[in-house]
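First the structure, in the form of structure tokens, and then the observations on it.
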Amino acid sequence: MTPVILSTQDLTAQFGAISAVDFVSLEFRQQQLHAIIGPNGAGKTTFINLLSGELMPTTGTIHYLGKDISQLSADKISRLGIGRSFQKTNIFPTFSCLQNCLLGAQSRLPHSMHFFQRASRLTDVTERAQRSLALCGLSDRENSIAAMMSYGEQRQLEIGMMLATEPQLLLLDEPLAGMGTIEAQRVIELIQALKQDHTIILIEHDMQAVFVVADRLTVMVNGKVIATGTVAEIRANKMVQEAFFADEVIGDD
Amino acid sequence: MEFSRPVRWLLLLAVLLLAVFPFVGADYYTELVVRIMIFGIFAMSLDLLIGFTGLVSFGHAAFFGLAGYVLAIVTPESSGVSLFWSLPLSILASGLAAAIIGWFSVRTTGIYFIMITLAFAQMVFYYFQEAVQWGGSDGMFLFFRPTVTIGNTVILDLEQNRTFYYFVLGSLVASLLLVKRLLGSPFGRVIMGIKANESRTRAIGYATFYYKWVSFIIAGMLAGLAGYLEVTHTGTISPGYLAWHESGIVIMVVVLGGLGTLYGPVIGAFVFVVLQDTLQDYTSHWLLIMGILVILIALFLPKGVTGLLDQILYRQGIQNTNNEDHGHQDHRT
Ligand SMILES: Nc1ncnc2c1ncn2[C@@H]1O[C@H](COP(=O)(O)OP(=O)(O)O)[C@@H](O)[C@H]1O
Ligand SMILES: [Mg+2]
């Protein structure tokens, strides 16, 4: 097996009396696509928020490449090479597609406190932004204002913007949510392509999609991990079937 | 940020008109234009915060007034001081105040940011109100305008109203070009990202606090330049210059002209000063009329007077060519 890239130890997030993430200890391995599934309110998004520094853990730690990152802010975590997308599309609505990716690409400069340099002359940044836009399939929409695009395209753009930051580890929070079949298929193909050279933690509701792309699966319920294993192991797991798949059809495709 | 082509031509035309104005306009109106241009710099500096960084500062007059006080304080009653050190000193004083105030306020957002900037500005206001050595509530006079001499050669004699006029015009044009350059820089890109979506800007790797802080400092320094010019122009400074209603008026002027356009606030300053000048003679309630105007603009012209200008240009079909695609119609392949 490949080495561990990210791990959590008794990671917990409490909101008042609710433990949204409850003593979660998990390991994620390099170059794997590790999916997290679970019913609504299981704590999946909260878990991603902890990993990305959006939220500080109540207790527990997160290690990334051996380094404790549990107390780092979101910008520092991004700079370590962890990129994320949000369950609720989170882009720069007033910017064009290219501008969204340009801001992403420029974030890899040591800093952006350059006041008189022309941003348009940062050719590396521009090229990287255009490459990411091509990757997410929006090359032909460079000058479209993000807010004016379809919902699916906006979600693609968010992935493009994230890729412009050149992350090693991608945290994708339900990238297919609300997408039409064709758009969803495009994103699944994109995820499969990204799998080749990225580690991915994927939260997804679409079980068919998860079974196709995932190497490993973790099932979360009520903030707790109830099972982790390969796709085959999880599908065979009785407890998982009762807890989670009770009303889902697990096809043998 | 780029100006569209017709706007660029109109700006050039405006500068040319301003340049010849002292030769054709009566002295009274030339004075009025000086006031407009100074107010324009002040409003532009606030646009950097409100229109481009998304920070609605309600204490911007503090930096305007502070630089004015510094000039008045360092100028003796017998002669003017050199602009070469008094201008940087005044601007730095405003910058320092902005650094301190910004350090605390920029951490907050929304209504808290508005309140904290207001509170800090009121502290500065009360300080000068109580400072008897600097005239207390009466303020101070500036008996001589700053001097611009090298050795014994007078480069610019700012006591000459026409020379001062061109100095202010030069400052306005330089400020506009400077801020425009700033917005086209990597820094400018980040602050515009913060305005559009701050948490997302942080999530892609920018420590947004520092960018907002620096933006706050730069805006404070530019307001300081305007304050320095204002005191040079009027020859007086009093706590009223940095009171909260001045901060409120400059917000109105920015909204009136058009947020996030840079030249819009200068147009706003023009409308404001002209209205003030004409209405003041008829009614002491002219600010009421001003207020109604701002409400109407907020309701019907979200892009201010500038937006109206854009619409007129658009109707006449000479709108800029780099107009962006709004929607799906023109899928290029
Ligand atoms: N900011 C918050 N404040 C209070 N409760 C929260 C907050 N965020 C999430 N929760 C609660 O935590 C639980 C887990 O939510 P979430 O992580 O969004 O679940 P999932 O993504 O698996 O659907 C839910 O009960 C939710 O109501
Ligand atoms: Mg969720």
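Residue numbers begin at 1 in each chain, while the letters A, B, ... track the order of the sequences.
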Is it the backbone or the side chain of [X] that comes under 4.5 Å from a heavy atom of chain B, or both, or neither?
X: A/R121; answer: neither
X: A/I91; answer: backbone
X: A/F115; answer: both
X: A/L122; answer: side chain
X: A/S120; answer: backbone

With side chains defined as the heavy atoms from C-beta onward, is the minimum distance between A/F92 and B/I204 less than 4.5 Å?
yes

Heavy-atom distance under 4.5 Å to chain A: side chain of B/V214, backbone, both or neither?
side chain

At a 4.5 Å cut-off on heavy atoms, which part of B/I218 comes close to chain A: side chain, backbone, both, or neither?
side chain

Is the side chain of A/Q106 donor-acceptor paired with the backbone N or O of B/P186 at a distance under 3.5 Å, no angle test?
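Yes, the answer is positive, given that a donor and an acceptor are paired below the 3.5 Å cut-off.
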
Using a cut-off of under 4.5 Å for heavy-atom pairs, which of B/L182, B/T208, B/L178 has the most such pairs with chain A?
B/L182

Kindly give the heavy-atom pair with the smallest separation between B/Y211 and A/S112, and that separation in Å.
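For B/Y211 versus A/S112, the nearest heavy atoms are OH-N, 2.9 Å.
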
Inter-residue atom distance [X].[atom1] - [Y].[atom2], 0.5 Å rounding:
X: A/M113; Y: B/S185; atom1: CE; atom2: OG; answer: 10.5 Å
X: B/R202; Y: A/K76; atom1: CZ; atom2: NZ; answer: 11.5 Å
X: A/M162; Y: B/R200; atom1: CE; atom2: CZ; answer: 8.0 Å

